[in-house]
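Data first, discussion second: the structure below is written as structure tokens.
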Amino acid sequence: MWKSVAAAPADSILGLTEAYKNDPNPHKVNLGVGVYMDNTGTTPILQCVKDAERILLGVEQSKSYLPISGDPQFGRQIQRLVFGEGSDIITNDRAATAHSPGGTGGLRIGAELIKRFRPEAATWISSPTWANHRGIFTAAGFPIKEYPYYDAASKGLRFEDLLATLNQVPAGDVVLLHACCHNPSGVDPDEDQWQKIAAVAADRGWLPFLDFAYQGLGVGIEADRTAVTAFAATGVDFFVASSFSKNFGLYNERTGAITVVSPTAEEKNIALSHLKATVRVCYSNPPAHGGLIVKTILSEPTLEAHWRQELAAMCGRIVAMRQALVDGLAARGVNQDFSYIKRQKGMFSFSGLADETVAWLRECKAIYVVGGGRINVAGLTSANIDYVCDSIAEALRQD
Ligand SMILES: Cc1ncc(COP(=O)(O)O)c(C=O)c1O
């Protein structure tokens with residue numbers, strides 16, 4: 001079967017992690033991988049997750065199937081998290097949520113659902129974006145188009161170009177947007193810009209699909225929902241894919257959600273029926289454990305308060321490491337302005353390091369950065385920050 005088939009290309013970021021693992025250099029630093037790490041360089045299990053697991057161990061009576069869209073209480077809690085208590089979407093029962101295997105599963109189910117009813121649509125992705133966006137929507141059968149996003153010269157957003165392009169997107173096409181913590185750039189629109197983007201969606205009739213993979217890791221749970229709130233205010237149909245890999249640390253439990261928002265409760269009921277039909281033929285019903293953990297935490301005020309503290313600590317550490325990197329480079333006499341790193345949001349940062357510098361850092365210093373210069377700021381720790389700053393300063397002196 002496979003003799004005449006060429007091998008599929010390896011995932012470039014996971015390949016980088018393999019190379020890092022095999023590197024014998026004791027000073028090696030992994031700034032490539034997309035997981036949160038604490039100040040000891042490990043990806044921890046949150047204490048609130050351990051507490052929820054202890055509760056579940058006591059109360060779980062059965063491992064029978066969950067409903068197709070997951071536990072209904074999970075769906076209600078996710079809507080509260082995504083839209084905020086008292087949102088009109090919740091009060092008027094305008095959203096259908098299905099528990100999905102990770103954010104990736106949510107994106108794919110959303111894409112499959114849209115494809116059923118918009119077979120001619122294209123999907124527009126930001127330039128650049130998380131590589132899997134193209135893969136997921138291509139696999140669901142969509143032609144892919146790009147809208148301008150990141151400006152390498154100003155290290156900011158190409159907002160006028162972005163808006164002009166979104167003004168030309170045909171009605172019915174899908175526009176995939178990072179709701180916060182844009183991966184890979186770390187550059188997000190501000191509140192005013194989100195409102196303008198949402199107004200264009202309402203005016204032009206394209207379908208917004210928000211990828212909400214990092215809620216709580218940019219500024220905070222409430223502040224990070226600025227994009228969602230802007231689209232909610234327009235009353236249009238839109239989709240939100242949530243991931244609980246990063247903000248609950250549930251990477252290997254594959255826990256996420258897809259939420260379909262409709263203008264009315266009647267339309268939502270129709271959407272829900274097709275959402276379930278789509279899930280049924282993909283994986284039938286979701287894996288329970290991660291969703292039950294999230295549901296348990298969000299349903300119990302003490303546990304939720306604890307989760308909020310732990311999430312705020314992760315977010316705070318990322319902000320502190322951004323500051324330490326910028327200050328550390330300035331203290332070493334690097335005259336290039338890196339202050340934009342402090343303005344970026346979330347785990348990722350377009351560092352502005354050229355590909356030759358990235359290659360030199362890897363070969364000579366065992367510091368692993370993704371091609372294009374994306375760094376995971378959470379890979380920096382108080383133990384490696386000086387080594388990283390020394391190495392970058394040395395690399396830039398050689399330029
Ligand atoms: C932008 C973006 N969307 C979605 C995901 C998917 O997350 P999950 O691991 O929950 O599938 C990621 C993970 O890295 C991501 O960066």
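Atoms within each ligand, like the ligands themselves, are counted from 1 in listed order.
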What's the verdict on side chain to side chain donor-acceptor pair (under 3.5 Å) for Glu53 and His289, showing C-alpha distance, side-chain angles and the deciding distance? CA-CA 9 Å; Glu53 285 184 314; His289 191 63; 2.8 Å; yes

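Short contacts between ligand 1 and Ala213, defined as distances under 4.0 Å to a heavy atom of the residue, involve ligand atoms 2 (C), 3 (N), 4 (C). Short contacts between ligand 1 and Arg254, defined as distances under 4.0 Å to a heavy atom of the residue, involve ligand atoms 8 (P), 9 (O), 10 (O), 11 (O). Residue Asp211 has at least one heavy-atom neighbour below 4.0 Å for each of these atoms of ligand 1: 1 (C), 2 (C), 3 (N), 4 (C). Near Lys246, with a cut-off below 4.0 Å to any heavy atom, the atoms of ligand 1 are 13 (C), 14 (O). Per-residue contacts place Ser245 under 4.0 angstrom from the following atoms of ligand 1 (heavy atoms of the residue considered): 8 (P), 9 (O), 10 (O). With ligand atoms numbered from 1 in the order given, ligand 1 contributes 8 (P), 10 (O), 11 (O) to contacts under 4.0 Å with heavy atoms of Gly103.
Taking both residues in full, the closest heavy atoms of Gly103 and Ala241 are given as O-CB, 4.4 Å, listed atom of the first, atom of the second, then distance. Taking both residues in full, the closest heavy atoms of Leu298 and Leu81 are given as CD1-CD2, 4.2 Å, listed atom of the first, atom of the second, then distance.
Note on ligand 1: His182 sits outside its first shell, no heavy atom being nearer than 4.0 Å. Using 4.0 Å as the threshold, Tyr214 has a heavy atom nearer than that to some atom of ligand 1.
Of the protein's heavy atoms, Thr104 OG1, 2.5 Å lies nearest to atom 11 (O) of ligand 1. At the top of the distance list for atom 12 (C) of ligand 1, counting protein heavy atoms only, stands Trp130 CZ2, 3.6 Å. Nearest to atom 7 (O) of ligand 1 among the protein's heavy atoms is Ser243 OG, 3.6 Å.
In this structure, Lys28 is not positioned above the aromatic face of Tyr368 in the sense of NZ or CZ being under 6.0 Å from the six-membered ring centre and within 45° of the axis.
The pair Glu112-Lys115 does not count as a salt bridge, with every side-chain nitrogen at least 4.0 angstrom from each carboxylate oxygen.
Between Leu166 and Arg204 the shortest side-chain heavy-atom distance does not fall below 4.5 Å.
Taking the ring centroids of His182 and Tyr150, they lie at or beyond the 6.0 Å cut-off.
Taking the six-membered ring where tryptophan is involved, the planes of Phe248 and Trp307 are essentially parallel, since the angle between them stays under 30° and well short of 60°.
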